[in-house]
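Single-structure report; data block below.
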Amino acid sequence: MSHDHDHDNELDPFAARVRALETILTQKGLIDPAAIDVIVDTYETKIGPRNGAKVVAKAWVDPDFATWLKRDATAAIGSLGYTGRQGEHMQAVFNAADTHNLVVCTLCSCYPWSVLGLPPVWYKAPPYRSRAVIDPRGVLEEFGLTLPATTKIRVWDSTAELRYLVVPMRPKGTEDWSEERLADLVTRDAMIGTGLARVPA
Amino acid sequence: MNRREANSHAAMLPAGVDAPVFAEPWQATAFAMTVALHDKGLFSWSEWADALSAEVKRPGAASDGHDYYEHWLAALEKLLSAKGVAGKGDVDALAAAWERAAHATPHGKPVLLQNDPSPTEGRGGRIG
């Protein structure tokens, strides 16, 4: 929250409109201001890419879970306690030596909130939304990810009903690692597809 | 995210890789109200996605995405107006009342709607 300059009590027009909506909705019994604070706190501090990283790490060490995740990601992810609020279905897309997956929402900003939290600014901005489909290889290069020309890139366009989670490839040299340690290698960008899992130092 | 990754983002994609998801408190409130109203069954998430999509697709959307929650708020207002929950005139009048109330409230005191010095304008007088 970025208002650090000294000022008298002034509400900018957007803040005033939000207050107005909050007043009307509270009076009509449609929202409870205390519940609004809980939702904000949840999305700011409790839900984030660590959830998704745990899903990926489990899929790396547990072949049965990986199979389940491939077949029915909504249920497999739900079994870890991560369920979407919007009734959306999840699909997990697995990177392989010859295929890299990249997720976008060209429509607006649909994103797997339950496993990744809220999307980063660039995910919601027009350049990424338009260019990820047209020139995925170029976009990945801007993220510092240059894939071999032989690697196929599949782009998945999210909707309100269906959201995607990329399962990156497990880095080499992690064969005896615990699930917890592995989860630390799984970045948010790796699960969107604009990056890879971290390589062990 | 480490520094190496942060630096790898070139100029054509927006900066602020690790920017907080909400830049201002009102953005968080607008977001949370939308989630709460959906939970309440006021609209389906598809309806919401359509409303938001219509706003973010308007020409003139900032390429760095800084106006994303302005589009979000516009989408929410239109959806609530279409549902007959909050008309634009009511929201305009009440927003003006909130701005007057904020201006009339001494620094450091909580802004309350009853601090509006001209509550007879618009709907302000009938609220709070």
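Model, not experiment: these values are computed from the prediction. Each chain gets a letter, A, B and so on, in the order the sequences are listed, and its residues count up from 1.
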request  = Apply side chain to side chain contact (heavy atoms under 4.5 Å, CB included) to the pair A/L11 and B/W26, showing each step before the final yes or no.
outcome  = CA-CA 10 Å; A/L11 287 177; B/W26 68 261; over 6 Å; no

task = Measure up the A/W113 and B/W45 rings against each other and bin them: parallel (under 30°), tilted (30 to 60°), perpendicular (over 60°).
result = perpendicular

task = Would you mind reporting whether A/R17 and B/L94 have side-chain heavy atoms less than 4.5 Å apart?
result = no

inquiry  = With heavy-atom distances below 4.5 Å as the criterion, would you say the side chains of A/L21 and B/T29 are in contact?
reply    = no

key: Proximal component of B/A74, with respect to chain A [non-hydrogen, under 4.5 Å]   = neither

query = Side chain, backbone, both or neither: which part of A/A15 has a non-hydrogen atom closer than 4.5 Å to chain B?
reply = both

key: Enclosure of B/K88 NZ (heavy-atom neighbours >12, cutoff 6.0 Å)   = no

message = Please check: side-chain N/O of A/K28 versus main-chain N/O of B/V85, any donor-acceptor pairing under 3.5 Å?
response = yes

ask   = Run the side chain to side chain contact (heavy atoms under 4.5 Å, CB included) check on A/L25 and B/L80 step by step: do they pass?
value = CA-CA 10 Å; A/L25 295 168; B/L80 290 176; 4.1 Å; yes

Leading residue by heavy atom contact count with chain B [cutoff under 4.5 Å; candidates A/L118, A/L145, A/I31] = A/L118

message = Taking every non-hydrogen pair under 4.5 Å, which of B/K57, B/E70, B/H71 racks up the most with chain A?
response = B/E70

request  = Please lay out, stage by stage, how B/Y69 and A/K124 fare under the test side chain to side chain contact (heavy atoms under 4.5 Å, CB included).
outcome  = CA-CA 10 Å; B/Y69 278 103; A/K124 303 178 288 190; 3.7 Å; yes

remark   = Closest non-hydrogen contact found for A/C108 with B/A49 is SG-O, 3.9 Å

request  = Please flag which part of A/T106 lies under 4.5 Å from any non-hydrogen atom of chain B: side chain, backbone, both or neither.
outcome  = backbone

key: Heavy-atom pair count under 4.5 Å with chain B, highest-scoring of A/C105, A/S109, A/P13, A/P49   = A/S109

remark   = Shortest non-hydrogen pair, B/S46 vs A/A160, comes out as CA-CB, 3.9 Å

query = Between CH2 of B/W72 and CZ of A/F14, what distance do you get to the nearest 0.5 Å?
reply = 15.5 Å

Non-hydrogen atoms of A/R19 and B/V111 that approach each other most closely = NH1-O, 3.6 Å

task = Tell me, for B/D67 versus chain A, whether the close heavy atoms (under 4.5 Å) come from the side chain, the backbone, both or neither.
result = neither

query = Where do A/T23 and B/W98 land on the side-chain hydrogen bond (donor to acceptor under 3.5 Å, both in side chains) test, with the steps shown first?
reply = CA-CA 10 Å; A/T23 305; B/W98 269 112; 2.9 Å; yes

request  = Taking all non-hydrogen atoms of both residues into account, name the closest pair between A/A125 and B/S63 and its distance.
outcome  = CB-O, 3.4 Å

ask   = What's the shortest heavy-atom distance between A/V40 and B/A28, and which atoms?
value = CG2-O, 3.5 Å

ask   = Quick one: what part of A/P119 sits under 4.5 Å from any heavy atom of chain B, side chain, backbone, both or neither?
value = backbone

request  = Give the C-alpha distance, both sets of side-chain angles, the deciding distance and a yes or no for side chain to side chain contact (heavy atoms under 4.5 Å, CB included) between A/V18 and B/M33.
outcome  = CA-CA 9 Å; A/V18 168; B/M33 286 196 298; 3.9 Å; yes

